[in-house]
Amino acid sequence: MLNIYNTLTRKKQPLTPIKPNEVSIYVCGMTVYDYCHVGHARVMVVFDVAVRYLRYLGFKVNYISNITDIDDKIIQRANENGEDFNELTNRFIQAMLEDSDALGVIRPDTQPRATKFIPEIIAMIQDLLDNKHAYITDSGDVCYSVKSFANYGNLSGKKIEELRAGERVNIDESKENSLDFVLWKMAKLNEPSWDSPWGTGRPGWHIECSAMSTVCLGNHFDIHGGGMDLQFPHHENEIAQSEGATEEKFVNIWMHNGFVRINDEKMSKSLGNFFTVREVLKKYQPEVLRYFILTSHYRSPLNYSDADLNAAKQALTRLYTALRNLDTDNKSCPDDSYKQRFTAVMDDDFNSPEVLAILFELSHSINKARTDDLPLATQLASELKRLGGIVGLLQADPEIYLQGIEQDSASIEQLIVDRKTARQQRNWAEADRIRDELQQQGIVLEDNPSSTTWRKI
RNA sequence: GGCUGAAUGGCAGAAUGGCUAUGCAGCGGUUUGCAAAACCGUCUAUGUCGGUUCAAUUCCGGCUUCAGCCUCCA
C-alpha cells in the first residue's frame with residue numbers, strides 16, 4: 001500500500017484514489033520566461049518518479065503539469081527583448097521540453113497553457129463573484145476575498161490575522177484585505193489582454209491553476225504537487241478559489257518537494273545563485289543530474305555542489321560497471337527480495353535514497369556472482385536494470401554510458417592494441433606511456449585476464 | 001513578530017525504542033608487471049540540556065543553530 005505525506009494533514013496517508021485504479025495528479029509547472037534551473041529539474045524528476053511508480057503499481061495515471069505563459073515577468077522580459085510575448089514563451093517552452101527530455105522525464109499527459117484557457121478562467125471568476133468570494137476593486141480588478149473562505153490558511157498552517165501582509169510590499173489600498181489577491185487584472189496600455197465581462201485584462205496567476213486543474217481533472221482530484229514555496233500563498237489560494245467556485249472538495253493529497261540549495265541557501269533567480277539545467281549538462285551526463293536528485297528524499301533539502309555531482313557521477317559509474325557485458329534482456333530473478341524491498345521503500349512516501357541503496361546491493365551481488373555464476377549474475381543484472389527503470393535510471397547501454405558516443409574509439413582501440421604488444425614484449429615503459437597518454441585524453445583502461453576495456457573518466 | 005521544517009560519521013544521505021543502511025573518500029589485504037576495476041576486511045556519527053523507559057539517535061519538553069514561507073518563486 002502506497003503511503004504519501006500529505007502537507008494538508010502533515011502525515012503520511014494511504015493513497016485511496018477517488019476512482020479505483022485511476023490516479024489524477026496536477027503539478028504546478030514553470031513560468032516560461034527563462035531557462036530551467038536545477039530547482040525546476042528537481043520538480044520534474046521528483047514527480048516523474050512518482051508517476052512512474054504509480055504506473056508500475058498498475059494505476060491509470062492522468063498527469064497534468066501546467067505552463068504559465070502570461071504574467072508580469074513574461075511581459076517585462078518580452079518588452080526588454082522587444083519581442084512579442086508569444087515568441088518568448090514559445091522559445092522557453094521548447095527549451096523546457098528539451099531539458100526535461102534530456103533528464104529522462106516522461107512528458108505529462110497534458111501540459112496546458114494558461115493563455116489557452118481564458119474562457120474557462122473567466123467562467124470560474126464569474127462563479128466566485130456569484131458565490132460572493134470575489135469583488136471588483138476601484139481600479140477595476142477582480143479580487144478574491146480571503147475572509148469569505150473559512151478554511152483559508154489550513155494548508156500552510158497560517159492564520160489570516162497573524163500574517164503581516166504589506167510588511168515587505170506596498171499595500172494596495174483598493175483591496176478590502178491586504179491578503180486578497182487578484183483574479184483578473186486590468187490591462188495597461190499595450191499589454192497583452194483578453195476581453196472579459198469586467199473589461200480587457202488578463203488572469204492572475206493563482207486562478208490559472210484552479211481553472212486548468214478543474215478543466216483537466218474535474219472539481220475533485222487525487223494529488224496536487226509543486227515546490228515547497230508554492231504552499232503559501234499559491235496553493236492556499238487555489239484551494240480557496242476552487243472550493244469557493246465549485247463548493248466541492250478540491251484535492252485529497254498535497255505533495256511538496258524541498259528546495260535545491262547552494263551553500264545552504266535556496267537556489268533562485270532573485271538570489272542569482274542558480275545553475276541552469278543546460279549549464280550542468282555541459283559538464284555532466286543528464287543521468288548524473290537525475291541520480292543526484294534522487295540521492296535525497298524529495299521532501300528534504302538538496303544541496304548543490306560540484307563535489308556532490310562528482311560523487312553522483314562516481315556512484316552511477318559503479319552501477320553501470322556492474323551491468324557491463326551482461327545480458328540484461330529481461331531475465332526473471334530467482335531472488336525477489338530486492339523487488340520486495342524496492343516496493344516497500346517506494347511505498348513509504350517514495351524513499352528514493354533507499355532505492356539507491358538497494359540498487360547498490362544488487363550491483364554488489366552481481367559483481368560477486370559474475371566470476372563463478374554467470375547465469376545468476378545475468379539474472380541479477382536484469383533485476384537491477386528493471387528496478388532502476390522504475391525510477392528512470394540505468395536504461396542506457398552500459399558501453400555507451402561509460403564510453404560516450406563522441407569518442408574516437410578506433411584510435412583508442414588501436415592504442416590498446418599497441419599497448420598489448422608492448423606488454424607481451426614486457427616493455428612496461430611503453431605500455432605505461434600509452435596508458436598515460438590515454439589518461440590525458442580522459443580515458444582510463446581496465447585490464448581483465450582476457451582483455452582490456454576502457455571508459456571515460 | 002507569526003507559521004513550517006531541519007540538526008546523523010571526513011562528505012553526501014536513509015532508517016530505527018535494543019541489531020547502526022547505502023554511496024563517495026580513507027586505511028589494510030586479494031588480484032595486477034604496475035595500475036584501474038572488482039572482491040575481502042576495517043576506522044569515524046546521531047547539536048545541547050532535561051524527562052519518559054529496563055533501554056533513547058529514535059518518544060516528550062526547553063535551549064541553540066540553520067533553512068523556508070508570510071512579495072514573485074519549483
Side-chain angles (χ1 to χ4, degrees), chain A residues 7 10 27-31 36-44 46-47 65 68 71-73 153 155-171 178-179 181 205 225-234 236 256-261 264-271 274 291-292 294-297 299-303 305 307-319 321-322 324 345 348 351-361 363-364 366-368 370-371 423 426-429 431-432 435-436 439 444-449 452-455 457:
Chain A
T7 308
R10 316 262 162 196
V27 174
C28 289
M30 275 187 74
T31 301
C36 297
H37 62 227
V38 178
H40 298 116
R42 190 176 192 192
V43 183
M44 294 187 220
V46 159
F47 287 100
S65 183
T68 296
D71 92 323
D72 287 345
K73 283 182 178 160
L155 178 67
S156 53
K158 297 179 192 296
K159 295 189 176 72
I160 292 175
E161 47 291 359
E162 284 169 352
L163 289 163
R164 289 194 182 182
E167 183 170 81
R168 286 190 290 162
V169 72
N170 290 333
I171 293 172
S178 51
L179 287 171
F181 52 92
W205 175 45
M228 295 277 309
D229 48 355
L230 299 184
Q231 218 176 92
F232 188 93
H234 184 57
E236 201 74 70
H256 292 101
N257 66 275
F259 292 124
V260 177
R261 298 190 196 164
D264 291 321
E265 247 185 359
K266 178 183 172 183
M267 177 184 286
S268 71
K269 294 251 166 73
S270 49
L271 288 166
F274 63 93
Y291 177 95
F292 168 69
L294 297 182
T295 56
S296 155
H297 182 87
R299 284 190 282 116
S300 300
L302 177 63
N303 217 36
S305 73
D308 294 332
L309 263 284
N310 286 333
K313 179 183 167 181
Q314 292 284 92
L316 200 50
T317 296
R318 181 171 161 83
L319 292 175
T321 302
R324 207 171 192 183
V345 300
D348 184 16
N351 193 335
S352 60
E354 284 286 356
V355 167
L356 299 183
I358 293 166
L359 299 185
F360 281 106
E361 287 173 33
S363 67
H364 188 68
I366 293 167
N367 290 334
K368 279 202 288 191
R370 106 188 275 151
T371 45
R423 292 178 76 206
R426 306 184 68 80
N427 185 352
W428 308 128
D432 290 349
R435 189 166 61 195
D436 290 345
Q439 178 101 26
V444 59
L445 299 185
E446 285 161 9
D447 292 331
N448 304 310
T452 296
T453 57
W454 63 274
R455 63 180 169 86
I457 292 171

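Throughout, a chain's letter reflects where its sequence line sits, starting with A, and its residues are numbered from 1.
Across all strands, A:K159 comes closer than 4.0 Å to no nucleic acid atom at all (heavy-atom distances). Residue contacts for A:F232: at a heavy-atom cut-off of 4.0 Å it reaches the sugar-phosphate backbone alone, with no base atom in range.
When side chains are defined from C-beta on, A:L356 does not count as touching A:P353, because their heavy atoms never get closer than 4.5 Å.
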- Item | Contact state string [nucleotides 26-42 of chain B, B base, S sugar-phosphate only, - no protein heavy atom under 4.0 Å] | -------BBBBSSSS--

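For A:K158 and B:C3, the NZ to C1' distance is 5 Å, given to the nearest whole Å. Between A:L294 atom CG and B:A21 atom P the separation is 22 Å, expressed in whole Å. A:R299 has its CZ atom 8 Å from the P atom of B:A6, to the nearest Å.
Note on ring orientation: taking the six-membered ring where Trp is involved, the planes of A:Y291 and A:F360 are perpendicular (angle over 60°, cut-offs 30° and 60°).
Surrounding NZ of A:K269 are more than 12 heavy atoms belonging to other residues, nucleotides or ligands, all under 6.0 Å away. Counting non-hydrogen atoms of other residues, nucleotides and ligands closer than 6.0 Å to CZ of A:R426 gives a total of 12 or fewer.
Not counting sequence neighbours, A:F259 has no partner by the ring pair (Phe, Tyr, Trp, His ring centres under 6.0 Å) test.
Nucleotides B:U42 and B:G9 place their C1' atoms 14 Å apart, quoted to the nearest Å.
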